[in-house]
Number of protein chains: 2
Amino acid sequence: MRSLGKRIELLRAVAHPVRVRILQELCKGVKCVADFEDFLEISQPNVSQHLSVLRKEGVIDFYVDGRLKCYFLVDPIIPDLLDILQREYAEQLPAPSCCPVTKKGTYPGRRHR
Amino acid sequence: MRSLGKRIELLRAVAHPVRVRILQELCKGVKCVADFEDFLEISQPNVSQHLSVLRKEGVIDFYVDGRLKCYFLVDPIIPDLLDILQREYAEQLPAPSCCPVTKKGTYPGRRHR
DNA sequence: TAAGAGTATTCATATGTTTGCATGTTTGTC
DNA sequence: GACAAACATGCAAACATATGAATACTCTTA
């Protein structure tokens with residue numbers, strides 16, 4: 001499997017609004033470049049550049065049919081990642097227990113600030 | 001809940017090796033700044049800067065005890081995210097079904113390239 | 001109140017990212 | 001073979017991020 005370092009690089013590649021949109025669409029099925037141009041309001045070269053970023057990271061790959069390139073998902077982490085991005089979460093985690101301990105000492109659970 | 005855009009910003013904040021390490025430690029419990037210095041091989045100001053990035057994104061918060069600041073996790077998405085980063089995955093997703101369709105046309109399932 | 005521990009901020013610099021624009025490549029059609 | 005469609009690449013400008021170094025802040029203790 002990928003190392004943690006590689007996974008973090010993948011995270012950086014995904015963490016862009018346009019690329020998340022691209023991946024959301026690819027979760028539904030195969031798409032060619034012109035298909036992306038329809039719903040992303042950016043230029044064709046820009047679409048290509050974002051696809052290139054995802055390709056280099058091994059997130060997506062493509063078939064060739066004539067002059068079309070048909071992109072599809074390759075990395076199985078992507079559906080899980082997109083799922084998390086859209087999942088409902090509680091506002092906050094429960095506060096830490098009343099007397100947390102670190103190397104430097106023991107602390108009251110109260111919020112001072 | 002957070003908007004998708006905010007979630008993507010959060011993703012960018014998390015997608016750094018040092019900050020992932022910080023969050024992994026915070027999953028185990030409360031830590032003060034000097035605790036991080038011990039296992040991250042970077043300077044104290046640099047630790048503070050990374051903590052600052054996570055704070056501004058609402059990922060973490062802190063208690064104050066005297067001159068110590070005791071950091072803890074706030075955003076419930078973090079444990080799930082870290083879990084995914086370390087989960088085992090198959091090498092690749094199954095190839096797309098034999099005749100995918102896009103707006104521009106229908107394609108053979110064969111790989112040309 | 002002076003000193004020191006623990007942490008944050010500011011600044012300068014180096015490096016990386018994003019985008020638009022122009023151009024290049026490949027494939028299919030006439 | 002000329003031309004057009006579909007897509008990629010190269011380059012430069014604008015902008016963002018990462019890091020080290022210096023400094024400032026805040027709280028505690030003597």
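Below, chain A is the first sequence line, B the second, and so on; all start at residue 1.
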Nucleotide nearest A/Arg19 when distance is taken to its side chain, options D/dA22, D/dT9, C/dT18: C/dT18
Nearest whole angstrom, please: distance from the C1' of D/dA5 to the CD of A/Gln44. 11 Å
Taking 4.0 Å as the cut-off, does a side-chain nitrogen or oxygen of A/Arg67 come that near to OP1 or OP2 on C/dT29? no
A/Glu9 atom CD is separated from D/dA18 atom C1', nearest whole Å, by 16 Å
Can you measure B/Tyr63 atom OH to D/dT26 atom C1' for me and round it to whole angstrom units? 21 Å
Short side-chain N/O contact from A/His16 to OP1 or OP2 of D/dA16, under 4.0 Å: no
With the side chain defined as heavy atoms from C-beta on, A/Gln49 is closest, among C/dT7, D/dA8, D/dC11, to D/dC11
Give the rounded distance in Å between these two atoms: CD1 of A/Ile60 and C1' of D/dA8. 13 Å
Out of C/dA8, D/dT9, D/dC7, whichever nucleotide has its closest atom nearest the side chain of B/Tyr71: C/dA8
Under-4.0 Å side-chain N/O to phosphate OP1/OP2 contact, B/His50 with C/dT9: no
For a 4.5 angstrom cut-off between non-hydrogen side-chain atoms, does A/Leu26 reach A/Phe72? no
As a test of reading the structure: which of D/dA6, C/dT18, D/dA8 is closest to the side chain of A/Leu68, going by heavy atoms? D/dA6
Flag the pair A/Gln86 / B/Arg7 as yes when at least one side-chain heavy-atom distance between them is below 4.5 Å, and no otherwise. no
From NZ of B/Lys56 across to P of C/dA8 the rounded distance in Å is 11 Å
Expressed as a whole number of angstroms, how long is the span from A/Ile42:CD1 to C/dT17:P? 17 Å
Provide, to the nearest angstrom, the distance between the CG atom belonging to B/Asn46 and the C1' atom belonging to C/dA12. 15 Å
Does A/Arg12 place a side-chain N or O at less than 4.0 Å from the phosphate oxygens OP1/OP2 of C/dT17? yes
Say whether, by atom type as modelled, one donor and one acceptor occur between the side chain of B/Asn46 and the main chain of B/Ser43 under 3.5 angstrom. no
How many whole angstroms separate atom CD1 of B/Ile22 from atom P of C/dT7? 13 Å
With a 4.0 Å cut-off on N to O distance, would you call A/Lys28 and A/Glu25 a salt bridge? yes
Any donor and acceptor pair, going by atom type alone, linking the side chain of A/Arg12 with main-chain N or O of B/Arg12 inside 3.5 Å? no
